[in-house]
Each structure stands twice: as C-alpha cells, then as structure tokens.
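As the structure is a computational prediction, the values presented were derived from the model and not from experiment.
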Amino acid sequence: MEDNNYLKFPSVIREKMEKGEFVFPENTCFEYEPFTAYRGIERCEDDNSVVSRKDFRSHAERRLRRRTINRNDPHYFGVSLFLNKESVENALSFPRPNKKIAMGNVYAVAGPAEINDATGHVCWWLYDGVEIEGFTICER
C-alpha cells in the first residue's frame with residue numbers, strides 16, 4: 001500500500017496507522033474483482049429501508065467495548081461479511097427479529113478485503129466517505 005493511502009481510511013484506522021499500531025493481515029487484498037457477500041444488519045422486523053453505510057460500521061466505528069473484542073486486532077476496524085447466506089445465519093443464530101441479512105458485492109474501490117475461503121468469512125476495511133451501493137435485504 002502506498003504511504004499516503006492511509007488518508008483514505010476513517011479516523012479510527014488512520015490514527016492507529018499513524019502511530020504504527022495498525023497493520024493489515026498478510027493476506028489482505030487491495031485489488032480484487034467484485035464478489036457477492038452477505039452481512040447481518042440490525043433492523044426492526046418491519047424495517048426494509050435501503051441498506052446504507054450506517055449498516056456497514058465496524059466495531060471501532062460503533063465504539064463497541066465488550067470484553068470479548070480485542071481492540072488491537074485489525075479485524076476490530078473492519079466489517080464482517082460471509083461468502084454464503086448460511087454462514088451468516090449460523091454466526092448470528094437466525095432467525096432473529098432484530099436482524100436481517102443484506103446481500104451485495106464487495107468491491108476494491110470501497111476498500112481492501114481479507115477473504116478466508118476456508119471459513120467463508122470476509123473482513124472489509126471501508127474507506128472514509130464511501131457509500132455502500134448495491135446491497136439489498138434478502139428475502140426470508
């Protein structure tokens with residue numbers, strides 16, 4: 001990654017990068033073809049509003065501070081998605097009335113991604129100010 005590319009990231013990542021406290025995992029892809037992925041999002045049961053960047057905030061952006069979350073892990077600063085719908089359902093114990101599944105394409109112009117084919121998990125580090133396009137709520 002070019003030295004000034006860190007400026008593309010939200011301040012929660014940028015500040016860590018400036019201090020040398022944030023390093024992307026070795027297998028992070030900065031250039032890749034778009035691919036379909038699924039994400040669990042929080043929604044009221046009758047809320048089918050458009051999927052937005054708000055649905056794609058990292059734990060760091062949401063300021064989650066649970067004991068089980070390692071705030072030094074680079075994944076804390078990324079967005080968790082899955083390569084198949086069943087993996088999301090299993091990870092989030094679906095069905096749940098306050099959760100829905102969004103489906104769409106992960107794409108490099110929005111940020112780098114770590115794709116783990118073995119587990120079907122994706123970590124996507126979104127650039128600051130990007131809008132999430134093309135994600136829709138899956139039908140049950």
Answer yes if the ring centres of Phe56 and Phe135 are under 6.0 angstrom apart, and no otherwise.
yes
Do other residues, nucleotides or ligands put more than 12 heavy atoms under 6.0 Å from Glu21 CD?
yes
Validation row: Pro74, Phe22 side chains within 4.5 angstrom (heavy atoms):
yes
Minimum heavy-atom separation for Gly40 to Val88, with atom names?
N-CG1, 3.8 Å
Looking only at heavy atoms, what is the nearest atom pair of Gly111 and Trp124, with distance?
O-NE1, 3.2 Å
Quick one, Leu126 and Ile132 - any side-chain contact, counting heavy atoms below 4.5 Å?
yes
When rounded to the nearest 0.5 angstrom, what is the spacing between CD in Glu61 and CG in Asp128?
8.0 Å
Tell me if a side-chain donor or acceptor on Asp55 pairs with a main-chain N or O of Ser52 at a distance below 3.5 Å.
yes
Apply the test side chain to side chain contact (heavy atoms under 4.5 Å, CB included) to residues Asp117 and Leu83: give CA-CA distance (whole Å), side-chain angles for both, the deciding distance (0.1 Å), then the verdict.
CA-CA 8 Å; Asp117 290 320; Leu83 296 174; 3.8 Å; yes
Answer whether the closest heavy-atom distance between the side chains of Arg43 and Ile137 falls below 4.5 Å.
yes
Spatial distance of atom CG (Asn98) from atom CD (Glu45) [nearest 0.5 Å]
9.5 Å
Is NZ or CZ of Lys85 both nearer than 6.0 Å to the six-membered ring centre of Tyr38 and within 45° of the ring axis?
no
Of the non-hydrogen atoms in Arg57 and Lys54, which two are nearest, and what is the gap between them?
NE-O, 3.1 Å
How close do Val79 and Leu81 get, counting heavy atoms only, and between which atoms?
O-CD1, 3.5 Å
Are the side chains of Val122 and Phe35 in contact, using a 4.5 Å heavy-atom criterion?
yes
Tell me whether Val109 shares a hydrophobic cluster with Leu7, the cluster being built from Ile, Leu, Val, Met, Phe, Trp, Tyr side chains joined at under 4.5 Å.
yes
Could you label the plane-to-plane angle of the His75 and Trp125 rings as parallel, tilted or perpendicular, counting under 30° as parallel and over 60° as perpendicular?
tilted
Under 3.5 Å, side chain of Arg14 to main-chain N/O of Phe9, donor-acceptor pair present?
yes
For Val12 and Phe77, the nearest pair of non-hydrogen atoms, with its separation, is O-CE2, 3.4 Å
So does Glu15 get a backbone contact from the side chain of Glu18, meaning a donor-acceptor N/O pair under 3.5 Å?
no
Using the benzene-type ring in the case of Trp, are the ring centres of Phe24 and Phe30 under 6.0 Å apart?
yes
Side chains of Ser80 and His121: do they bring a donor and an acceptor to under 3.5 Å?
yes
Any ion pair linking Lys100 and Asp47 (charged N to carboxylate O, less than 4.0 Å)?
no
Flag side-chain contact, heavy atom, 4.5 Å: Glu42 against Lys99:
yes
Test your reading of the model: is there a side-chain donor-acceptor pair from Tyr32 to the backbone of Tyr107, 3.5 Å cut-off?
yes
Nearest heavy-atom approach of Gly78 to Cys123 is CA-SG, 3.7 Å
